[in-house]
Amino acid sequence: TDDRQLGRYDDFQFYPVADIPSDSDLTSLSADVSGTVWAANSTELFEVRGASNQSSGVDVDIRRYSGFDDIGRIFIDREETLWLSSGSRLVRFLGSRFQHYKLQTGPDPETIWGVTEDAVGRFWFATQERVLIRNQDESLTLLGEEHGVPEEAVRDILTGPDDLIWAGF
């Protein structure tokens with residue numbers, strides 16, 4: 001197995017902080033307020049504790065979670081809950097277990113490419129053909145061509161400055 005590296009940028013240089021025990025490329029990263037860095041490849045999630053305080057891999061604790069199918073994005077919401085998109089599922093990490101949600105708006109489930117949260121706590125999903133909003137009452141609002149979304153995959157979505165929602169088509 002060839003390890004992958006997690007590196008931190010400081011003084012115009014990337015420094016290796018942790019060797020991730022995986023032979024697959026890391027495709028998504030996120031960090032929570034405690035300094036834990038989360039890294040994922042398509043089938044595994046890694047919890048990296050101590051990386052924010054280290055200049056090398058010494059004393060970095062790495063925990064591996066496996067059994068996922070096609071992890072897309074890692075997302076940490078305003079309540080510091082870790083979420084990840086995995087194919088047509090949204091997965092919530094509950095500290096010791098995972099809770100799976102299927103995002104389905106019709107006969108076929110939606111493929112989730114990206115997730116963001118706005119200032120009022122609504123989740124926005126970039127999917128294969130549209131943007132979905134999960135409202136606070138857990139109902140879904142679908143935004144498609146009639147809302148200016150092109151008839152193609154929405155690859156990512158984010159909440160930017162002034163709480164503007166940005167999407168990449």
Flag side-chain contact, heavy atom, 4.5 Å: Ser42 against Ile71: no
Min side-chain heavy-atom separation Val131-Ile157 under 4.5 Å: yes
So for atom [atom1], which belongs to [X], do other residues, nucleotides or ligands contribute more than 12 heavy atoms lying within a distance under 6.0 Å?
X	atom1	answer
Asp162	CG	no
Glu151	CD	no
Arg63	CZ	no
Glu79	CD	no
Glu47	CD	yes

Can a donor-acceptor pair be found between the side chains of [X] and [Y] at a distance below 3.5 Å?
X	Y	result
Arg130	Thr127	no
Glu44	Tyr65	no
Asp156	Trp113	no
Tyr15	Gln13	no
Thr116	Thr159	yes
Ser86	Asp69	no
Thr141	Asn135	yes

Qualifying residue, where the test is ring-ring contact (aromatic ring centres under 6.0 Å, His included) with Phe75 and the options are Phe125, Trp124, Phe93, Phe123: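 Single ring-ring contact (aromatic ring centres under 6.0 Å, His included) partner of Phe75 among Phe125, Trp124, Phe93, Phe123: Phe123.
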Ionic contact status for Arg4 with Asp25, cut-off 4.0 Å: yes
